[in-house]
Amino acid sequence: MDWSQRTVLITGASSGIGRALALELDRRGAHLVLAARRREALEAVRDSCMAPERHQVLVLDVEDAAALPGKAAEAERLAGPIDILVNNAGISLRGLIVETDIAVDRRIMEVNYFGAVALTKALLPGMIARGDGHIVVVSSIVGHISTPMRSAYAASKHAVHGFFDALRAEVHDKGVRVTLVLPGYVATDISLHALGPDGNPTGQMDTNQAGGMAPGLCARRMADAIERGRAEVIISGPYERFGRWLGRHLPALFRIIVRRERPK
Ligand SMILES: NC(=O)c1ccc[n+]([C@@H]2O[C@H](COP(=O)([O-])OP(=O)(O)OC[C@H]3O[C@@H](n4cnc5c(N)ncnc54)[C@H](OP(=O)(O)O)[C@@H]3O)[C@@H](O)[C@H]2O)c1
């Protein structure tokens with residue numbers, strides 16, 4: 001794959017996995033549109049690139065689905081046709097269902113699910129018309145299993161699988177590929193940014209998070225999966241892979257074990 005001929009729009013490029021993917025694809029020669037809410041952080045990512053002049057910054061809020069068609073058009077005005085959309089922006093949850101305000105559940109669905117859906121719908125017609133495109137979605141291992149205190153987060157990632165598996169089948173003959181990426185623990189600020197039951201960020205770094213995979217390694221494996229056009233890729237250590245295996249093959253045992261699971 002010749003990355004120098006590809007323009008990639010990455011949401012959530014201002015930190016964590018999105019930032020690491022931006023740096024990796026910059027090294028591979030791609031043209032990038034770096035998107036998120038914080039302009040200064042996006043500019044700092046662009047400045048860290050080997051070829052910052054190849055890349056554009058686009059301020060957007062994926063929670064504002066109505067604005068996303070305009071933002072997609074702005075991205076294409078800045079950088080030309082988007083060949084690859086990476087729906088990576090996301091927020092997590094740390095709260096028991098019984099104490100979490102429903103507004104928090106809705107917000108997480110807006111960002112993690114409807115944001116990805118709306119941006120995809122805005123760019124898909126162009127990809128189909130060109131007979132060429134690739135939609136990448138960053139889900140999670142919790143897109144396959146659910147664990148306590150992450151209910152809406154797990155639900156949003158399950159929803160992503162339902163939608164994008166259907167999309168993959170619909171556009172298979174139109175030259176558009178769909179890749180779902182399922183990371184396990186990656187050492188980013190996601191738990192710091194995770195919403196608590198009242199909708200405010202918890203501001204707490206989980207030990208599992210801090211000890212997770214390096215974002216750079218996750219990004220390299222994501223870039224390889226995109227190059228190969230993989231339908232779905234799990235990027236995790238053995239602990240998370242075992243959890244998924246248990247959930248699939250010994251669901252009754254998994255349901256018992258998961259009762260004690262807490263973010264830590
Ligand atoms: N870290 C992990 O262990 C892990 C595991 C599995 C899956 N994931 C997934 O990986 C993705 C990236 O997470 P991360 O770990 O890199 O966390 P992170 O460091 O907190 O990054 C989240 C990114 O999403 C952006 N974002 C959040 N809300 C947004 C909004 N409303 N509009 C636009 N951008 C928004 C943030 O940028 P701004 O604040 O500048 O808007 C930031 O760039 C998420 O989808 C997450 O669910 C992470």
Side-chain angles (χ1 to χ4, degrees), residues 9-24 33-46 57-68 71-72 75 86-94 106-116 118-119 136-145 147 150 152-161 164 180-195 199 201-219 221-222 233-237 239-241 243-244 263-264:
L9 167 54
I10 307 174
T11 67
S14 59
S15 78
I17 294 172
R19 175 182 185 279
L21 184 67
L23 298 177
E24 178 62 29
V33 180
L34 309 172
R37 291 168 301 180
R38 290 171 295 150
R39 176 180 291 282
E40 279 182 14
L42 291 170
E43 287 173 348
V45 174
R46 182 173 61 181
V57 160
L58 178 69
V59 175
L60 58 70
D61 183 345
V62 296
E63 203 177 338
D64 185 3
L68 292 179
K71 290 291 179 183
V86 182
N87 286 301
N88 164 75
I91 44 171
S92 193
L93 172 73
R94 296 290 183 271
R106 288 190 188 282
R107 179 152 182 231
I108 289 171
M109 287 301 291
E110 290 293 345
V111 173
N112 295 1
Y113 175 69
F114 285 110
L119 205 49
V136 180
V137 192
V138 182
S139 172
S140 164
I141 294 276
V142 301
H144 280 173
I145 57 176
T147 55
R150 296 184 177 90
Y153 180 66
S156 71
K157 298 299 188 183
H158 276 67
V160 151
H161 283 256
F164 286 94
L180 279 160
V181 180
L182 287 73
Y185 291 114
V186 182
T188 71
D189 288 346
I190 192 166
S191 67
L192 288 176
H193 299 149
L195 305 183
T202 59
Q204 281 183 12
M205 176 57 83
D206 295 347
T207 314
N208 277 343
Q209 212 70 62
M213 180 183 288
L217 175 57
C218 178
R221 291 176 58 181
M222 272 175 81
V233 59
I234 294 176
I235 301 177
S236 78
Y239 175 71
E240 301 96 305
R241 268 204 305 277
R244 180 176 171 275
K264 52 184 177 288

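Atoms within each ligand, like the ligands themselves, are counted from 1 in listed order. Residues take their numbers from the sequence shown, with the count starting at 1. Keep in mind the model is a prediction, meaning the values are calculated, not measured.
Listed by number with element, the atoms of ligand 1 under 4.0 Å from a non-hydrogen atom of H193 are 18 (P), 20 (O).
Considering only non-hydrogen protein atoms, atom 31 (N) of ligand 1 sits nearest to D61 OD1, 2.7 Å.
Side-chain atoms of T202 never come within 3.5 Å of backbone atoms of L195 as a donor-acceptor pair (strictly under, hydrogens ignored). Distance alone, capped at 3.5 Å, is enough to place a donor-acceptor pair between the N88 side chain and the T11 backbone.
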- Stepwise salt bridge (charged side-chain N to carboxylate O under 4.0 Å, His left out) check, K71 with D64: CA-CA 10 Å; K71 290 291 179 183; D64 185 3; over 6 Å; no

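Between E24 and M222, every side-chain heavy-atom pair lies at or beyond the 4.5 Å cut-off.
Ring centroid separation for the pair H161 and H144 comes in under the 6.0 Å cut-off.
Other residues, nucleotides and ligands place no more than 12 heavy atoms under 6.0 Å from the CD atom of Q204.
Backbone and side-chain nitrogen or oxygen atoms of A36 are examined, and none is located within less than 3.5 angstrom of a nitrogen or oxygen of ligand 1. Among the atoms of Y153, some N or O lies under 3.5 angstrom from an N or O of ligand 1. Considering backbone and side-chain atoms alike, G18 places every N or O at 3.5 Å or more from each N or O of ligand 1.
In this structure, V138 counts as a contact residue of ligand 1, since one of its heavy atoms falls inside 4.0 Å of the ligand. Not a single heavy atom of A35 sits under 4.0 Å from any atom of ligand 1. Heavy atoms of S139 approach ligand 1 to within less than 4.0 angstrom. Heavy-atom distances between K157 and ligand 1 reach below 4.0 Å in at least one pair.
Counting heavy atoms closer than 4.0 Å to ligand 1, residue T188 contributes side-chain atoms (C-beta onward) but none from N, CA, C or O.
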